Amino acid sequence: MAEFEKVAKVSDIQPGEIKSFVLGNEMVAICNTDGKFYAFIDECSHQTLPLSDGLLEGKTITCAYHGAEFNVETGEALCLPAVDGIETYEVKIEGDDIYILLPD
Ligand code: FES
């Protein structure tokens with residue numbers, strides 16, 4: 001059964017920041033959008049390059065490599081060259097700790 005895993009501290013990721021973490025076999029990015037945290041696979045669906053190198057504006061992340069955009073909350077691809085969305089993960093905050101739920 002999937003369980004929440006503690007990944008970072010709230011204070012580690014300031015508003016507008018994106019950080020990347022290794023969790024098992026996955027690279028997971030967590031971003032802070034105006035105090036709300038979103039987690040998603042740190043891999044662009046276009047050419048699997050790291051999305052954490054991109055630019056965060058509100059809930060939209062723009063890939064640094066060829067400009068694809070994704071909604072960090074839903075994972076939806078918003079423009080070409082990305083056609084497919086990205087996986088997102090449930091986030092839970094307890095005190096100063098950020099937990100995410102990875103699928104089994
Ligand atoms: S790798 Fe992200 S747009 Fe190409």
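We number each residue from 1, following the sequence as shown. As the structure lists them, so they are numbered: ligands from 1, and atoms in each ligand from 1. In this text, all values refer to a predicted model and were calculated from it rather than measured experimentally.
Hydrophobic clustering, with ILVMFWY side chains joined whenever heavy atoms are under 4.5 angstrom apart, groups Ile93 together with Ile18.
Side-chain N/O atoms of Asp53 and Tyr65 include a donor and acceptor closer than 3.5 Å.
Residue Gln14 places its CD atom among more than 12 non-hydrogen atoms of other residues, nucleotides or ligands, all under 6.0 Å distant. Atom CG of Asp96 has more than 12 neighbouring heavy atoms from other residues, nucleotides or ligands inside a 6.0 Å radius. In Lys92, the NZ atom is crowded: over 12 heavy atoms of neighbouring residues, nucleotides or ligands sit closer than 6.0 Å.
The only member of Leu78, Val72, Thr74 that meets side-chain contact (heavy atoms from CB on, under 4.5 Å) when paired with Lys59 is Val72.
Nearby protein atoms of type N, O or S around atom 2 (Fe) of ligand 1 amount to 2 (distance under 2.8 Å).
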